[in-house]
There are 2 protein chains.
Amino acid sequence: MSSSEFPDKAADLSSPAAIPPRERIVSSAADLFRKHGIRGIGVEAIAEAAQTNKMTLYRKFGSKDELLCATLRQVTQRAGALWDELERDFSEDAAAQLKRWVEFQVERLEQEPGGCDLANAAVELRDSDHPAHAVVQEFKNAQRDRLAAVCEAAGSSDPQLLADTLSLLLEGARVSVQTSGPEGSSRRFRESCEATIAAFSSK
Amino acid sequence: MSSSEFPDKAADLSSPAAIPPRERIVSSAADLFRKHGIRGIGVEAIAEAAQTNKMTLYRKFGSKDELLCATLRQVTQRAGALWDELERDFSEDAAAQLKRWVEFQVERLEQEPGGCDLANAAVELRDSDHPAHAVVQEFKNAQRDRLAAVCEAAGSSDPQLLADTLSLLLEGARVSVQTSGPEGSSRRFRESCEATIAAFSSK
DNA sequence: CATGGGTGTGACCGGTCGGTAACGTTCATC
DNA sequence: GATGAACGTTACCGACCGGTCACACCCATG
């Protein structure tokens with residue numbers, strides 16, 4: 001503790017730079033929860049990963065559960081933003097929008113082999129009274145409704161059932177990646193969706 | 001430690017009676033893992049639930065991970081036995097077999113709102129090197145293959161894809177129960193399956 | 001320069017966890 | 001009745017956990 005007090009400022013990319021500690025904590029928490037599970041990581045490790053300490057973490061978030069809910073809410077917001085971006089790319093052809101949605105989910109499936117953070121959290125927290133469950137449930141139903149709107153616009157024979165079916169396929173694919181590996185049923189998620197959409201195409 | 005050494009033998013139903021301690025431990029472990037998650041329950045509580053103690057638990061199973069694998073293997077065997085039973089009930093009409101499979105899964109969905117123990121374990125244990133992952137993966141792929149055999153017999157247009165699609169629907173339904181509640185997409189699992197099967201019916 | 005809010009530091013608390021050691025007990029077998 | 005395997009009991013270990021306390025620090029504002 002004497003000379004050269006800031007050894008590798010070059011490696012301090014994007015961490016204590018301009019981003020306020022609260023956001024750093026949420027980002028680190030999301031990352032570590034994803035890697036190790038909620039019960040598998042301690043608050044101290046989260047604080048260190050965020051280049052801060054446990055005390056400031058507890059000043060921003062009253063408890064680990066609160067921090068968890070905050071990270072889940074960030075995940076839902078990010079997912080919502082991706083939806084918005086996707087819809088901006090939508091062509092006017094409503095049928096093409098559904099195919100675009102499928103492609104989008106295929107990409108996420110390949111790029112995020114850890115599955116859905118929200119679903120994983122809900123599975124890990126068996127206690128359905130946990131506040132995180134409300135966040136997850138609200139988000140999942142919202143996602144389904146947005147998808148149903150697309151199905152409706154595409155003029156399928158039974159838009160609600162199509163949305164539910166595609167939702168189940170997606171949820172199943174994102175967990176199958178974890179249970180059966182990348183060579184499991186999730187590998188054919190795209191074809192499953194296409195066959196389903198074709199089956200529901202009106203007249 | 002003096003008189004009345006066996007206070008309530010009447011309540012000792014099915015526990016220390018004739019069932020050997022090893023099976024009792026596995027059963028209790030399966031039950032408690034299901035209720036509280038793997039990381040959410042301690043070995044001591046498992047031993048007590050099995051009407052035994054930690055020491056004998058560790059004499060039968062070298063570690064908590066070993067015990068977990070043993071319980072997961074029991075789950076796979078039980079599921080395999082249910083499959084066998086289901087196939088014995090199969091009518092000769094191959095198409096009816098698929099409908100029977102759907103009904104069977106609908107029942108499980110309603111009776112076991114906790115989802116699939118294997119999938120839940122895989123989600124909770126993020127570390128893919130954990131030995132439990134091998135048990136889960138092998139089982140999931142075996143289940144898919146058995147389903148594919150039924151699809152093949154039913155003479156659908158693309159039996160493999162149908163099996164993968166139904167697998168995804170099932171996996172999705174079993175996790176959606178936990179993420180979206182019983183009023184989520186899993187509510188229409190039966191109709192999703194029926195529509196899918198209809199779409200794949202050959203000519 | 002004084003103030004005060006946001007932040008860092010380290011020690012600490014009570015509790016729980018997975019796992020082990022040592023010793024006692026039961027009970028069937030020879 | 002001796003033997004030995006299987007099981008029970010208690011205490012203990014080291015590690016880690018979520019959460020708190022007291023105190024020092026930095027820095028912008030007045």
Side-chain angles (χ1 to χ4, degrees), chain A residues 1-2 5-7 9 12 15-29 32-33 35-71 121 124-127 130-132, chain B residues 1-7 9 12 15-29 32-33 35-71 121 124-127 130-132:
Chain A
M1 296 182 185
S2 52
E5 210 61 12
F6 26 85
K9 181 169 282 187
D12 279 348
S15 281
I19 303 109
R22 191 175 201 280
E23 300 181 22
R24 272 183 287 149
I25 293 172
V26 172
S27 293
S28 296
L32 292 174
F33 283 152
K35 280 180 187 160
H36 307 283
I38 298 161
R39 288 197 166 103
I41 195 72
V43 291
E44 188 132 37
I46 294 173
E48 282 176 13
Q51 308 230 24
T52 178
N53 50 67
K54 199 162 51 162
M55 207 50 236
T56 59
L57 186 152
Y58 273 99
R59 280 192 274 246
K60 301 291 178 185
F61 310 91
S63 67
K64 190 183 184 182
D65 284 342
E66 262 189 45
L67 171 58
L68 170 64
C69 287
T71 68
E124 191 171 351
L125 306 170
R126 301 297 164 89
D127 178 15
H130 195 289
Chain B
M1 296 180 185
S2 52
S3 62
S4 82
E5 210 62 13
F6 26 85
K9 182 168 281 190
D12 279 349
S15 280
I19 301 109
R22 190 176 202 281
E23 300 182 22
R24 271 183 287 148
I25 292 172
V26 172
S27 293
S28 296
L32 293 175
F33 283 152
K35 280 180 188 162
H36 306 284
I38 298 162
R39 289 195 162 106
I41 195 73
V43 291
E44 188 132 36
I46 294 173
E48 280 176 13
Q51 308 231 28
T52 176
N53 50 68
K54 198 161 54 161
M55 207 52 236
T56 59
L57 187 152
Y58 273 100
R59 280 192 275 247
K60 301 291 178 185
F61 310 91
S63 68
K64 190 183 183 182
D65 284 342
E66 263 188 45
L67 170 59
L68 171 63
C69 287
T71 66
E124 191 171 351
L125 305 169
R126 301 298 163 89
D127 179 15
H130 195 289

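Nothing here was measured: the structure is a model prediction, and the numbers come from that model. Within every chain, numbering begins at 1; the chains are lettered A, B, ... in the order of the sequence lines, protein sequences first and strands thereafter.
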Open item on the list: Between A:Thr52 and C:dG8, is there a contact of a side-chain N or O with OP1 or OP2 at under 4.0 Å?
Closed with: yes
Task: Whole angstrom value for the distance that separates P of C:dT16 from NE2 of B:His36 - done: 14 Å
Task: Side-chain donor/acceptor of A:Glu124 to backbone N/O of A:Gly37, under 3.5 Å - done: no
TODO: Starting from P on D:dA15, measure out to CZ on A:Arg39 and report it in whole angstrom.
DONE: 24 Å
Open item on the list: When you measure from the side chain of A:Glu66 to the backbone of A:Gly62, do you find a donor-acceptor pair of N or O atoms at a distance under 3.5 Å?
Closed with: yes
Open item on the list: So does A:Val26 get a backbone contact from the side chain of A:Lys60, meaning a donor-acceptor N/O pair under 3.5 Å?
Closed with: no
Open item on the list: If I take atom CD1 in residue B:Ile46 and atom P in nucleotide C:dC17, what distance separates them, rounded to the nearest angstrom?
Closed with: 10 Å
- [ ] Identify which nucleotide among C:dG19, D:dG19, C:dA21 has an atom closest to any side-chain atom of B:Lys54, counting heavy atoms from C-beta outward.
- [x] C:dG19
Task: Of residues 56-67 of chain A, the positions that come close to DNA chain C - non-hydrogen atoms, cut-off under 4.0 Å - done: A:Thr56, A:Arg59, A:Lys60
Open item on the list: I need the CG-P distance between A:Asn53 and D:dT20, as an integer number of Å.
Closed with: 15 Å
- [ ] Could you check which of C:dT7, C:dA22, D:dA22 has an atom nearest any side-chain atom of A:Met55?
- [x] D:dA22
Open item on the list: Given 3.5 Å as the limit, does a donor-acceptor pair link the side chain of B:Asp65 with the main chain of B:Leu68, or not?
Closed with: no
Open item on the list: Given C:dG8, D:dG18, D:dC7, identify the nucleotide with an atom nearest to the side chain of A:Val43.
Closed with: D:dG18
TODO: Take atom CZ of A:Arg22 and atom P of C:dT7, then tell me their distance rounded to the nearest Å.
DONE: 11 Å
Open item on the list: Given 3.5 Å as the limit, does a donor-acceptor pair link the side chain of A:Arg126 with the main chain of B:Lys35, or not?
Closed with: no
- [ ] In whole angstrom, give the distance that lies between atom CD of B:Glu44 and atom C1' of C:dG15.
- [x] 13 Å
Open item on the list: How many whole angstroms separate atom CD of A:Gln51 from atom C1' of C:dT9?
Closed with: 16 Å
TODO: Could you tell me the separation between the CG atom of B:Asn53 and the CD1 atom of B:Ile25, rounded to the nearest 0.5 Å?
DONE: 8.0 Å
Task: Rounded distance in Å - CG (A:Leu68) to P (D:dG18) - done: 12 Å
- [ ] Using side-chain hydrogen bond (donor to acceptor under 3.5 Å, both in side chains) as the criterion, list what pairs up with B:Lys54, not counting sequence neighbours.
- [x] none
